[in-house]
S.K.: 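The structure follows.
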Amino acid sequence: MGSARLFFTENLLEWNKEQNNRSMPWKNEKDPYKIWLSEIILQQTRVEQGWPYYERFIQYYPTVQQLAQAPEEEVFRLWQGLGYYARCKNMLAAAREITNTYNGKFPDQYDQIKALKGIGPYTAAAIASFAFNLPHAVLDGNVFRVLSRFFGIDTPIDSTAGKKQFSELAQALLPADKANVYNQSIMDFGAVVCKPQAPNCDDCPLQRKCAAFNQNLINLLPVKTKKIQVKKRYFNYIILQHKNNIYIRKRTASDIWQNLHEFILMETDNATDFTALQKDNRFRDLLGDLPFSIEKISALLKQQLTHQTIYSQFITIKVSTAPALHDYIAVSQKQLNNYAFPKTITTYLESNNLQLF
DNA sequence: AACACGGGGGC
DNA sequence: GCCCCAGTGTT
């Protein structure tokens with residue numbers, strides 16, 4: 001076992017030195033703020049998807065103080081479309097914590113870093129090692145996969161036992177004085193060579209001692225047990241217009257798209273049409289006896305997410321008398337650009353920009 | 001321990 | 001369709 005471990009780390013570092021051509025804006029970055037920003041953006045997010053967001057954030061907020069001073073809605077606008085919006089909320093809270101508690105100087109101890117909002121064990125280890133070369137091994141999807149395959153470990157990576165086992169192994173393998181380059185190496189290796197599907201085993205420098213390769217288990221490792229349930233939801237959006245204004249509100253429930261904005265929502269258990277919707281109490285409560293005109297009814301649009309399939313329909317309605325809506329605010333079309341919306345809504349807005357009014 | 005949280009790309 | 005992505009917070 002000891003020799004396998006030595007073989008693993010030595011050949012991994014050798015691969016990094018000789019064959020790793022992966023280039024990214026935050027690689028070899030030493031500013032903990034920029035490293036942190038990249039790590040938050042990249043949580044459960046592909047590098048290509050997060051890349052332009054990283055560039056934009058750095059451009060808008062070159063320092064943590066500047067991010068901390070930014071208005072929340074502006075930060076959400078920059079995050080719009082990236083998903084997992086709690087990351088954005090937590091990021092801003094952490095920036096303000098760093099500015100207030102640490103005087104704007106990013107903390108340089110693992111425990112302090114991990115205590116910040118939105119920073120868990122992975123991100124804390126990444127920042128600690130990349131910025132400060134502290135000996136904390138990263139454990140992300142790449143590391144789970146590489147270790148599981150090379151060492152032939154079939155403990156489910158989404159179990160408590162698996163997390164503990166892989167975490168201890170990752171830490172034991174880490175060359176304490178090379179945490180920075182080693183952590184970078186193992187993640188790049190997982191992304192470039194030991195990929196989830198169709199890994200490049202032919203060109204793999206670890207192949208000779210790889211348990212999964214030698215036992216033909218490449219496609220069976222790592223093991224995951226949990227399967228996700230995808231539920232269907234039906235969002236009927238009323239785009240209510242009065243003069244030059246549209247009514248929107250911020251989503252506050254602990255549900256998808258928390259802190260993003262939306263039009264007047266009437267969610268139903270099944271697909272419905274406007275005739276049926278008009279009989280809904282929520283619609284009656286909305287306008288009372290006010291006269292209205294139907295301007296446009298969209299097709300049923302589908303958005304596939306990890307945990308749910310969302311079917312949405314947009315119904316544009318005009319009224320000449322302002323309705324009294326407590327939860328919603330009236331904004332002009334121009335002002336819509338000041339608010340962050342989920343992808344379903346921005347896609348609809350972009351494709352109907354000229355027809356909205 | 002289980003679940004929720006977005007959006008997109010590869011196959 | 002299903003899996004995965006530089007995971008974390010809540011229940």
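Order of the sequence lines fixes the chain letters, A, B, ..., with proteins taken first and strands second; residue numbering starts at 1 for each chain.
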S.K.: Taking A:Glu73 first and then A:Arg77, would you say they form a salt bridge - that is, a charged N and a carboxylate O separated by under 4.0 Å?
M.R.: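 Between A:Arg77 and A:Glu73 there is no salt bridge, as every charged N stays at least 4.0 Å from the carboxylate O atoms.
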S.K.: Output yes when A:Asp188 and A:Lys27 qualify as a salt bridge under the 4.0 Å nitrogen-oxygen rule, no when they do not.
M.R.: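 Yes, this pair counts.
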S.K.: Got a sec, which residues hit salt bridge (Lys or Arg N to Asp or Glu O under 4.0 Å) with A:Lys117, two or more places apart in sequence or on another chain?
M.R.: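 Partners of A:Lys117 under the salt bridge (Lys or Arg N to Asp or Glu O under 4.0 Å) test: none.
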S.K.: Checking all strands, does A:Gln184 fall into the base, sugar-phosphate, or nothing category for heavy-atom contacts under 4.0 angstrom?
M.R.: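 Touches a base.
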S.K.: Between A:Leu37, A:Ile98, A:Asp31, which is the residue that forms a side-chain contact (heavy atoms from CB on, under 4.5 Å) with A:Val64?
M.R.: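 Among the candidates, only A:Ile98 passes.
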S.K.: Taking heavy atoms of chain A and a 4.0 Å limit, find me the 5'-most and 3'-most nucleotide of DNA chain C within that range.
M.R.: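 Span of nucleotides near chain A: C:dC4 to C:dG9.
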S.K.: Would you mind classifying the nucleic acid contact of A:Asn90 as base, sugar-phosphate or nothing, using non-hydrogen atoms under 4.0 angstrom?
M.R.: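 Sugar-phosphate contact only - A:Asn90 comes under 4.0 Å of backbone atoms but never of a base.
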S.K.: Thinking salt bridges, do A:Glu262 and A:Lys250 make one under a 4.0 Å N-O criterion?
M.R.: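 So A:Glu262 does not pair with A:Lys250 through a salt bridge.
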S.K.: What does nucleotides 2-11 of chain B look like as a protein-contact string, B for base, S for sugar-phosphate only, - for none, at under 4.0 angstrom between heavy atoms?
M.R.: S--BBBBS--
S.K.: If you apply the rule side chain to side chain contact (heavy atoms under 4.5 Å, CB included), what do you find for A:Ile264 with A:Ile239, and how did you get there?
M.R.: CA-CA 7 Å; A:Ile264 297 165; A:Ile239 304 179; over 6 Å; no
S.K.: In terms of the nearest nucleotide of DNA chain C, which residue is placed more toward the 5' end: A:Lys117 or A:Leu42?
M.R.: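 It is A:Leu42, whose closest nucleotide lies nearer the 5' terminus.
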S.K.: Base, sugar-phosphate, or nothing: which does A:Trp26 touch, judged by heavy atoms less than 4.0 Å apart?
M.R.: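 Touches a base.
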S.K.: Do A:Arg87 and A:Tyr84 meet the cation-pi criteria used here (NZ or CZ under 6.0 Å from the six-membered ring centre, within 45° of the axis)?
M.R.: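 Geometry flag: not set, cation outside 6.0 Å or 45°.
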S.K.: What's the gap between C:dT8 and B:dG9 when it is taken at their P atoms, as a whole Å value?
M.R.: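 To the nearest whole Å, 24 Å.
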S.K.: Any side-chain heavy-atom pair from A:Arg149 and A:Phe213 closer than 4.5 angstrom?
M.R.: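 A:Arg149 vs A:Phe213: side chains apart.
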S.K.: Rounded to whole angstrom, note down the P distance from B:dC3 over to C:dA6.
M.R.: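 The same atom, P, in both gives a distance of 25 Å.
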S.K.: Does A:Asn259 reach a base, just sugar-phosphate, or nothing at all? Heavy atoms under 4.0 Å.
M.R.: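 A:Asn259: no heavy atom of the nucleic acid under 4.0 Å.
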S.K.: Heavy atoms under 4.0 Å, any strand shown: does A:Met91 hit a base, just sugar-phosphate, or nothing?
M.R.: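 Touches nothing.
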S.K.: Have a look at A:Thr344 and tell me which of A:Phe235, A:Tyr311, A:Phe314 forms a side-chain contact (heavy atoms from CB on, under 4.5 Å) with it.
M.R.: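 The side-chain contact (heavy atoms from CB on, under 4.5 Å) with A:Thr344 is passed solely by A:Phe314 among A:Phe235, A:Tyr311, A:Phe314.
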S.K.: Reckon A:Arg145 touches a base, only the sugar-phosphate, or nothing at all at heavy-atom distances under 4.0 Å?
M.R.: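 Sugar-phosphate, backbone atoms only, no base.
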S.K.: Suppose you measure atom C1' in B:dG6 against the same atom in C:dC5; what distance do you get, rounded to whole Å?
M.R.: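 About 12 Å, rounded to a whole number of Å.
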S.K.: Checking base pairs now: Watson-Crick or wobble, both atom distances under 3.5 Å. What partners B:dC11?
M.R.: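 The base-pairing partner of B:dC11, which may sit in any strand shown, is C:dG1.
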